[in-house]
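Everything on this sheet refers to the single structure shown next.
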Amino acid sequence: MALDLCPERFWLITPRLLLTEMKAAVLRRNQQNDVILTAGWLAAKLQRVKKVPDLDQVLGKSERRPRDLGFYLDELKVVLPTTTINEWAARVRAGRQDWDARKRASAHAI
């Protein structure tokens, strides 16, 4: 990938600035590709081709439809253990008591 960076500047900048230059080069390259693809899409559209894909699809920017919320919940049910609200509340209380005990112990240590 060409950074369009002169060798003199390369040796003067820090690695962090080099990463910034590289990110900018990637963005510049992506914008150039978008312009080229847009021109090709427009040329095909103007030639009245029978089947032309949408420009967003050609650019790779087509929106993905979100999956159903029920699908996510079903996945969570499989992965997560079944916990009742009482068990969860007991865990929270135990965690708070443990936290308070650690806080008191650190206060006494000072």
Side-chain angles (χ1 to χ4, degrees):
M1 174 175 68
L3 289 177
D4 297 330
L5 191 66
C6 68
E8 188 176 310
R9 175 152 169 76
F10 173 81
W11 291 109
L12 291 175
I13 63 176
T14 64
R16 183 177 295 226
L17 287 175
L18 178 62
L19 287 175
T20 303
E21 294 273 352
M22 291 172 67
K23 288 178 185 176
V26 167
L27 289 173
R28 194 169 45 250
R29 171 87 40 101
N30 288 341
Q31 288 174 347
Q32 288 173 348
N33 288 342
D34 285 354
V35 168
I36 292 167
L37 287 171
T38 302
W41 178 85
L42 183 59
K45 196 71 165 174
L46 292 175
Q47 291 177 5
R48 298 183 185 255
V49 173
K50 289 184 181 180
K51 184 172 182 174
V52 178
D54 290 332
L55 179 58
D56 287 339
Q57 183 181 358
V58 172
L59 293 176
K61 296 180 180 178
S62 60
E63 292 182 24
R64 293 182 180 170
R65 293 176 55 201
R67 293 194 285 180
D68 184 27
L69 182 60
F71 181 79
Y72 288 113
L73 292 175
D74 291 340
E75 283 182 349
L76 285 175
K77 286 178 188 175
V78 170
V79 175
L80 296 175
T82 56
T83 305
T84 66
I85 191 70
N86 292 331
E87 291 171 339
W88 178 79
R91 287 183 193 170
V92 170
R93 278 193 300 275
R96 286 183 183 157
Q97 289 171 354
D98 185 41
W99 174 256
D100 290 339
R102 283 192 216 158
K103 234 164 108 177
R104 276 187 250 119
S106 67
H108 291 297
I110 295 174

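Because only heavy atoms are used, hydrogens play no part in the values below, and waters and symmetry mates are left out as well, while side chains stay in.
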Quiz item: Between Asp100 and Arg96, is there a salt bridge with N-O shorter than 4.0 Å?
Solution: no
Exercise. Count the heavy atoms belonging to other residues, nucleotides or ligands that lie under 6.0 Å from CD of Gln32, then report whether that count exceeds 12.
Key: yes
Shared hydrophobic cluster for [X] and [Y] (ILVMFWY, side-chain gaps under 4.5 Å):
X     : Y     : value
Ile85 : Val92 : yes
Trp88 : Trp99 : no
Leu27 : Leu37 : no

Quiz prompt | Heavy-atom pair with the smallest gap, counting every atom of Asp98 and Arg102 | solution =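 Nearest heavy atoms, Asp98 then Arg102: OD2-NH2, 2.7 Å.
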Practice problem: Nearest 0.5 Å please: distance from the CG atom of Asp34 over to the CG atom of Asn30. | Solution: 6.5 Å
Quiz item: Excluding sequence neighbours, so at least two apart, what forms side-chain contact (heavy atoms from CB on, under 4.5 Å) with Ile13?
Solution: Leu5, Arg9, Leu17, Leu18, Glu21
